[in-house]
Amino acid sequence: MAKVLKEKIVSMEEIGPEIFKMSIQSEYVCENANPGQFVNVKCSDGITPLLRRPISICDVDRKKGTFDLVFQVRGAGTKYLSRKKSGSEIDIIAPL
């Protein structure tokens, strides 16, 4: 069952031009999700951009309790998302 969660970003790295890998700590998602399922991510704290971005789960590490998202900057939402830092909190709906 999908839940609205606020989770911690463990790492954020640029793995290619405008392509980012974000690792997120979440026991709930790791217990209930598999790669290929989706997470709806709130990209910023304000209302711009208004809509969440659906991003598929790339990898789940059940031992560490983390999962990875890989995304490309394609517009305002993913641009905001690419500016997130390790240690900050992210608002997600997962798993879908």
Side-chain angles (χ1 to χ4, degrees):
M1 173 184 274
K3 288 187 176 182
V4 177
L5 304 165
K6 291 196 182 230
E7 302 292 8
K8 180 182 170 188
I9 298 172
V10 177
S11 68
M12 174 70 106
E13 61 181 302
E14 189 168 6
I15 60 174
E18 299 285 302
I19 300 172
F20 292 85
K21 178 181 175 186
M22 178 188 293
S23 293
I24 301 169
Q25 183 80 41
S26 177
E27 294 296 328
Y28 181 79
V29 174
C30 289
E31 289 173 6
N32 295 289
N34 291 306
Q37 287 184 286
F38 282 83
V39 175
N40 270 344
V41 181
K42 185 175 181 185
C43 297
S44 69
D45 294 329
I47 62 169
T48 303
L50 180 62
L51 300 176
R52 292 175 180 265
R53 298 303 187 267
I55 301 174
S56 65
I57 296 171
C58 176
D59 188 31
V60 175
D61 188 333
R62 298 189 201 288
K63 288 183 181 179
K64 291 183 181 178
T66 62
F67 68 95
D68 298 335
L69 304 177
V70 174
F71 63 93
Q72 182 177 17
V73 175
R74 300 289 293 189
T78 50
K79 186 68 165 178
Y80 283 119
L81 197 56
S82 72
R83 295 179 184 153
K84 297 276 189 184
K85 303 291 182 201
S86 298
S88 63
E89 199 171 73
I90 190 162
D91 186 320
I92 59 175
I93 300 174
L96 302 172

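Hydrogens, waters and symmetry mates are skipped; everything else that's a heavy atom, side chains included, is used.
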### Message
Is it the case that over 12 heavy atoms from other parts of the model lie below 6.0 angstrom from the CD1 atom of I15?
### Response
yes
### Query
Is atom NZ of K84 surrounded by more than 12 heavy atoms (other residues, nucleotides or ligands) closer than 6.0 Å?
yes
How long is the straight-line distance from [atom2] of [Y] back to [atom1] of [X], given to the nearest 0.5 Å?
X	Y	atom1	atom2	value
C43	L50	SG	CG	11.0 Å
I24	I92	CD1	CD1	5.0 Å
I19	E14	CD1	CD	8.5 Å

Are [X] and [Y] connected in the hydrophobic side-chain network, where two residues link if heavy atoms are under 4.5 Å apart?
X	Y	result
Y80	M22	no
I9	F71	yes
I55	V10	no
M12	V41	yes

### Task
List the steps, then state whether side chain to side chain contact (heavy atoms under 4.5 Å, CB included) holds for V29 with L5.
CA-CA 9 Å; V29 174; L5 304 165; 3.7 Å; yes
### Task
Not counting sequence neighbours, list each pair that qualifies as a side chain to side chain donor-acceptor pair (under 3.5 Å) and has a residue in residues 22-33.
E7-S26, S11-S23, S23-D68
### Task
Scan for side chain to side chain donor-acceptor pair (under 3.5 Å) pairs involving residues 50-66, sequence neighbours excluded, and state none if there are none.
N34-R62, R52-D91
### Task
Run the numbers on L69 and L81 for side chain to side chain contact (heavy atoms under 4.5 Å, CB included), then give the verdict.
CA-CA 11 Å; L69 304 177; L81 197 56; 6.0 Å; no
### Short side-chain to backbone donor-acceptor contact, T78 and R74, under 3.5 Å
yes
### Query
If you group Ile, Leu, Val, Met, Phe, Trp and Tyr whenever their side-chain heavy atoms sit less than 4.5 Å apart, what else falls in with L96?
V4, F38, I93
### Query
So which heavy atom on G65 is nearest to which on C30, and how close?
C-SG, 3.2 Å
### Nearest non-hydrogen partners of S44 and P49, listed with the distance
OG-CD, 3.6 Å
### Query
Is there a side chain to side chain contact (heavy atoms under 4.5 Å, CB included) between E18 and K79 once you walk through the steps?
CA-CA 9 Å; E18 299 285 302; K79 186 68 165 178; 4.2 Å; yes
